Amino acid sequence: MATENKNLSAYDKTTIPNAKEFRFGIVVSEWNDTITEGLYNGALEALVDCGALTDNILRWNVPGTYELTYGCKKMLNTQKVDAVIAIGSVIRGETSHFDFVCSAAAQGIKDLNVAYDTPVIFCVLTDNTLQQAIDRSGGKHGNKGAEAAIAAIKMAALGR
């Protein structure tokens, strides 16, 4: 696995722009909420650690990962943000539903990045098991939310 030998939470603050002047949106799926709350907490902690002001971090919830695209689009259209982080978790089940949701979320967020001049960061775990999701949302592989926050800061700086 790509994250097996990497800590998703690790970053070098000396290589990251100060986030104090940026405003961030975070759209969080309520499905698999134990996982998505872990990802959100990792993102929030990393943003604040890199200088973001909590007043400049806006959170919206959506029912599931499939709805992330609409939530992010609505945020881009109604809020002044420098970057949006889309947080979701899809865990493989016994049907093809996993494939459809993962594909739609990835394509939808890609489409937003093409259509808008504000970056949308893909922080959607697409795991085969619950344990893999736990390991990547604050477990033994660190937190993908922190990695997404660092990407959001870097992309917000690029946008300026």
Side-chain angles (χ1 to χ4, degrees), residues 1-11 19 23-50 52 54 56-79 81 83-116 118-156:
M1 279 177 221
T3 57
E4 191 166 338
N5 296 316
K6 180 181 181 193
N7 182 335
L8 296 167
S9 301
Y11 55 88
R23 188 158 191 253
F24 298 96
I26 306 176
V27 181
V28 182
S29 166
E30 295 172 336
W31 192 260
N32 292 329
D33 64 332
T34 301
I35 303 304
T36 59
E37 285 303 313
L39 294 169
Y40 170 77
N41 290 329
L44 182 63
E45 289 171 15
L47 289 171
V48 171
D49 184 50
C50 291
T54 55
N56 288 340
I57 302 170
L58 175 65
R59 176 187 172 149
W60 287 2
N61 288 351
V62 296
T65 296
Y66 193 86
E67 292 78 25
L68 284 172
T69 301
Y70 179 82
C72 292
K73 178 182 173 186
K74 194 72 166 170
M75 185 175 280
L76 290 167
N77 284 332
T78 63
Q79 305 298 313
V81 292
V84 175
I85 302 170
I87 293 178
S89 171
V90 187
I91 300 169
R92 188 177 299 277
E94 296 177 356
T95 69
S96 301
H97 185 74
F98 172 89
D99 299 311
F100 296 121
V101 173
C102 293
S103 179
Q107 292 297 318
I109 292 169
K110 182 270 298 174
D111 290 346
L112 293 174
N113 277 300
V114 172
Y116 288 84
T118 301
V120 180
I121 307 304
F122 187 79
C123 183
V124 177
L125 296 182
T126 57
D127 296 302
N128 289 318
T129 67
L130 176 59
Q131 188 59 53
Q132 288 175 341
I134 292 167
D135 291 346
R136 289 160 180 75
S137 61
K140 72 179 184 179
H141 293 304
N143 196 311
K144 183 74 172 173
E147 183 182 64
I150 300 308
I153 295 167
K154 290 179 177 182
M155 293 304 291

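For this chain, numbers begin at 1 and follow the sequence in order. If you're wondering where the values come from, they're calculated on a predicted model, not measured in any experiment. No hydrogens, no waters, no symmetry mates; every other heavy atom, side chains included, goes into these values.
- For Q131 and D135, the side-chain atoms include at least one donor-acceptor pair closer than 3.5 Å.
- Shown here for A105 and T69, the closest heavy-atom pair between the two residues is O-OG1, 4.2 Å.
- Counting heavy-atom neighbours within 6.0 Å of K110 NZ, excluding the residue itself, gives a total above 12.
- No more than 12 heavy atoms of other residues, nucleotides or ligands shown are found within 6.0 angstrom of OH on Y66.
- The line from CG of L39 to CZ of R136 is 11.5 Å long, rounded to the nearest 0.5 Å.
- In terms of the side chain to side chain donor-acceptor pair (under 3.5 Å) criterion, N113 has no residue partners (sequence neighbours excluded).
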### Query
Can V84 and Y116 be said to form a side chain to side chain contact (heavy atoms under 4.5 Å, CB included), step by step?
CA-CA 11 Å; V84 175; Y116 288 84; over 6 Å; no
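- When all heavy atoms of A52 and F24 are compared, the closest pair comes out as CB-CE1, 4.0 Å.
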Do any side-chain atoms of residues 142-153 form donor-acceptor pairs under 3.5 angstrom with protein atoms, and if so which ones, sequence neighbours left out?
unit_1 : atom_1 : unit_2 : atom_2 : d
N143   : OD1    : G145   : N      : 2.7
N143   : ND2    : G38    : O      : 2.9
N143   : ND2    : S137   : O      : 3.4
K144   : NZ     : E147   : OE1    : 2.5
E147   : OE2    : K6     : NZ     : 2.7

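- Atoms CD1 and CG, from I134 and L125 in turn, are 11.0 Å apart once rounded to the nearest 0.5 Å.
- Here the closest non-hydrogen pair linking T36 and S29 is OG1-O, 2.8 Å.
- In this structure, CG in D127 is found 8.0 Å from CD1 in I35, a value given to the nearest 0.5 Å.
- Expressed to the nearest 0.5 Å, how far OH of Y40 lies from CZ of R59 amounts to 5.5 Å.
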